[in-house]
Q: 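Have a look at the structure that comes next, please.
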Number of protein chains: 2
Amino acid sequence: MARTEPKPRFARQPPEVRRQALIDATIECLKRYGHEGLSIRTISAQAGVSVGLINHHFPNKDELVAAAYRHINSELIAGMQAAVARAGSSPQARMRAFLESWFSAPSLDADALAVWVVFWGLYRHSRLIQRAHRETYQGYVSLLRGMLAELLPSERAARSGRTRRARGGAPAVDLRLAAIGFTALLDGLWLEWCLEPGTFRPAEAVELCEAWLAQLVRRNGARS
Amino acid sequence: MARTEPKPRFARQPPEVRRQALIDATIECLKRYGHEGLSIRTISAQAGVSVGLINHHFPNKDELVAAAYRHINSELIAGMQAAVARAGSSPQARMRAFLESWFSAPSLDADALAVWVVFWGLYRHSRLIQRAHRETYQGYVSLLRGMLAELLPSERAARSGRTRRARGGAPAVDLRLAAIGFTALLDGLWLEWCLEPGTFRPAEAVELCEAWLAQLVRRNGARS
DNA sequence: CCTCTTGCTGTACGATCGTTCAACAAGGAC
DNA sequence: GTCCTTGTTGAACGATCGTACAGCAAGAGG
């Protein structure tokens with residue numbers, strides 16, 4: 001009776017598991033407290049470990065933050081890719097799945113968006129964040145560009161390519177510029193919703209994006 | 001010769017002047033060092049004053065930061081309004097002036113954009129920033145909405161309003177949604193250019209925005 | 001020239017920051 | 001049961017944070 005179970009004061013974890021737990025704690029702290037949540041003590045408390053453990057698994061704080069940014073980035077992109085893959089082969093259905101995935105939880109979460117904004121604020125002055133951005137953003141750009149390409153009837157454009165090339169060298173729709181504009185629209189709507197969630201519904205954001213795309217397709221078809 | 005001019009160790013300034021100098025120094029520090037530049041010592045060094053002076057003119061640091069946000073906001077909006085007013089009365093010319101003002105210095109400055117991003121990161125957890133945002137953002141929204149309204153031939157829509165109302169109650173173009181989408185496009189392009197200035201030229205951003213507007217006008221005209 | 005207001009300085013304080021490191025102990029190997 | 005590896009702890013360090021405040025001095029008013 002008096003003999004209590006000799007409960008361990010802590011449990012060992014494989015480095016990989018602990019690293020991930022610390023990354024999750026970092027993101028959680030960012031959600032709760034914003035930039036002020038990015039302190040060793042806040043994060044370690046959130047993870048339920050001591051202050052010293054972070055520097056055992058990460059060389060310093062900045063590396064942990066960069067790892068958190070890399071994780072949140074690749075998680076998001078993986079979710080998008082999965083949603084698109086689930087939608088089948090129709091370009092329209094794939095794009096719709098992408099948009100609905102974008103403008104719904106967990107992507108369109110006010111907390112998650114606030115996390116992104118803090119990272120953006122760090123971007124310019126942290127080489128580590130810049131590297132993490134470059135490494136993960138590429139997957140996002142190529143996913144989006146691929147969907148745009150398959151949505152626009154460029155195969156027709158390719159067949160009549162010789163004629164159009166001869167006329168000026170420009171394709172019917174500048175895919176690069178279209179991707180830039182579309183990304184801007186997505187990010188901008190995201191940001192607006194983050195700063196003031198009440199002003200519009202997610203479905204309206206989808207609507208706006210599809211209107212943009214429809215206009216793009218129409219323009220592309222008209223010229224080819 | 002040995003008599004040196006008894007140069008004053010500091011110069012007194014009217015509170016208004018000094019407050020503005022401190023606000024300018026705050027913004028300059030944000031440009032140079034990002035979020036880490038938001039410290040009393042960094043700001044006071046930038047302003048060339050002692051650490052104690054800030055708390056003489058502002059109750060605390062957060063109030064100074066909020067004042068800086070308010071200032072940068074109203075400066076931007078005032079610049080836009082001036083550019084639009086200078087453009088005359090033609091809706092097209094006014095909108096073009098607005099876009100060109102938006103996508104050129106000093107608005108489209110990588111430093112200035114970085115400042116904004118830091119403020120956005122603070123937004124969610126600072127009531128003072130939220131208040132400053134609400135107080136200044138309204139002017140921007142109304143400017144933009146006014147330009148959209150005068151750009152769309154809504155007077156024709158108003159004349160034939162009875163017919164369209166009877167058909168479904170929705171105007172040809174939802175002005176609210178159009179403003180939201182347009183703002184998103186502006187902010188998104190701004191953000192993209194900030195994060196990676198090399199990917200597109202400002203003129204291309206203007207082009208994208210005008211394409212969006214042209215499609216909006218066309219859609220509005222087709223239905224009325 | 002003197003006085004008085006007040007803008008301004010700069011030290012001091014306690015809190016918290018990121019990081020270090022010696023000691024501890026969990027738990028698998030044997 | 002006994003090593004032994006190593007994940008983990010937590011006190012301690014120096015630096016820096018925001019703020020307070022007692023005193024200095026600039027410069028206008030008389």
Side-chain angles (χ1 to χ4, degrees), chain A residues 4-26 29-30 32-68 118 121-122 125-129, chain B residues 4-26 29-30 32-68 118 121-122 125-129:
Chain A
T4 59
E5 181 77 7
K7 194 170 64 176
R9 299 208 288 110
F10 59 90
R12 291 187 160 206
Q13 301 289 348
E16 210 175 330
V17 173
R18 193 64 91 184
R19 275 179 60 95
Q20 188 55 52
L22 289 172
I23 288 173
D24 291 342
T26 303
C29 286
L30 266 182
R32 290 199 191 173
Y33 313 110
H35 189 280
E36 291 181 5
L38 278 186
S39 97
I40 295 290
R41 283 167 178 82
T42 310
I43 295 169
S44 54
Q46 169 68 31
V49 300
S50 70
V51 284
L53 193 58
I54 288 179
N55 284 289
H56 180 72
H57 291 285
F58 295 88
N60 51 51
K61 194 185 94 167
D62 290 342
E63 293 272 8
L64 169 59
V65 173
V118 173
L122 298 176
H125 300 277
S126 164
R127 292 187 176 276
L128 291 171
I129 297 280
Chain B
T4 58
E5 181 77 8
K7 194 169 66 179
R9 300 208 288 110
F10 60 90
R12 291 187 160 208
Q13 301 289 347
E16 210 175 330
V17 173
R18 194 62 92 181
R19 274 179 60 95
Q20 189 55 52
L22 289 172
I23 288 173
D24 292 340
T26 303
C29 287
L30 267 181
R32 290 198 191 174
Y33 313 110
H35 189 280
E36 291 182 5
L38 279 186
S39 96
I40 296 290
R41 282 166 180 82
T42 309
I43 295 169
S44 54
Q46 169 68 33
V49 299
S50 70
V51 284
L53 192 59
I54 288 179
N55 284 291
H56 180 72
H57 290 286
F58 295 90
N60 52 50
K61 192 185 95 166
D62 290 343
E63 294 272 9
L64 169 59
V65 173
V118 172
L122 297 176
H125 299 277
S126 165
R127 292 187 176 277
L128 290 172
I129 297 281

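All values reported here derive from a predicted model rather than from experimental measurement. Lettering follows sequence order; numbering is per chain, from 1.
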Q: Rounded to the nearest 0.5 Å, what's the gap from OG1 on A:T26 to CD on A:Q46? Could you check?
A: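 The CD atom of A:Q46 is 9.0 Å from OG1 of A:T26, to the nearest 0.5 Å.
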Q: Does any non-hydrogen side-chain atom of B:V65 lie less than 4.5 Å from one of B:L128?
A: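 Of all side-chain heavy-atom pairs linking B:V65 with B:L128, none is under 4.5 Å.
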Q: Mind checking B:I43 for me? I need base, sugar-phosphate or nothing, with any heavy atom below 4.0 Å counting as a touch.
A: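 No contact.
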Q: Write down the distance between CG (B:N55) and P (C:dT9), rounded to a whole number of angstrom.
A: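 Computing the B:N55:CG to C:dT9:P distance gives 13 Å.
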Q: Contact class for A:R9 (heavy atom, under 4.0 Å): base, sugar-phosphate, or nothing?
A: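 Since only primed, P, OP1 and OP2 atoms lie under 4.0 Å of A:R9, the category is sugar-phosphate.
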Q: Between P on D:dC21 and CD1 on B:I54, what's the gap in Å once rounded to a whole number?
A: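 Nearest whole value for this atom pair: 18 Å.
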Q: Please state how far atom NE2 in B:H35 lies from atom C1' in C:dC17, giving the value in whole angstrom units.
A: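 So the NE2-C1' distance, B:H35 to C:dC17, works out to 14 Å.
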Q: Between NE2 of A:H35 and CD of B:E36, what distance do you get to the nearest 0.5 Å?
A: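 It comes to 7.0 Å.
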Q: Got a donor-acceptor contact below 3.5 angstrom from the B:R32 side chain to the B:G37 backbone?
A: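 A pair under 3.5 Å: no.
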Q: How close do A:A47 and A:L22 get, counting heavy atoms only, and between which atoms?
A: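 Shortest heavy-atom contact: CB-CD2, 3.9 Å.
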Q: Figure out the CD/C1' separation between A:E63 and C:dG18, and round it to whole Å.
A: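 Distance, rounded to whole Å: 14 Å.
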Q: To the nearest Å, how far apart are A:Y33 OH and C:dT16 P?
A: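 My rounded result for the distance is 14 Å.
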Q: How many angstroms lie between CZ in A:F58 and CD1 in A:I23, if you round to the nearest 0.5 Å?
A: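 If I round to the nearest 0.5 Å, the distance is 4.5 Å.
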Q: What's touching nucleotides 6-8 of chain C from the protein side, N or O pairs under 3.5 Å?
A:
from, atom 1, to, atom 2, distance (Å)
C:dT6, O2, B:R12, NH1, 3.4
C:dT6, O2, B:R12, NH2, 2.1
C:dG7, OP2, B:H56, NE2, 3.2
C:dG7, O3', B:Q13, N, 3.4
C:dG7, O3', B:Q13, O, 3.4
C:dC8, OP1, B:A11, O, 3.2
C:dC8, OP1, B:Q13, N, 2.8
C:dC8, OP1, B:R18, NE, 2.9
C:dC8, OP1, B:R18, NH2, 2.5
C:dC8, OP2, B:R18, NE, 3.3
C:dC8, OP2, B:H57, NE2, 2.9

Q: I need the NZ-P distance between A:K61 and C:dT19, as an integer number of Å.
A: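 Distance check: A:K61 NZ to C:dT19 P gives 8 Å.
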Q: Which part of the nucleic acid, if any, lies within reach of A:L64 when heavy atoms closer than 4.0 Å are counted: base, sugar-phosphate only, or nothing?
A: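 Touches nothing.
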Q: Please state how far atom CD in A:E36 lies from atom P in C:dG18, giving the value in whole angstrom units.
A: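 Result: 12 Å.
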Q: Could you grab the distance from atom CG of B:L53 to atom CD1 of B:I43, nearest 0.5 Å is fine?
A: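 With rounding to 0.5 Å, CG (B:L53) is 12.0 Å from CD1 (B:I43).
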Q: May I have the distance from A:I40 (atom CD1) to C:dT19 (atom C1'), rounded to whole angstrom?
A: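 It is 8 Å, rounded to the nearest whole Å.
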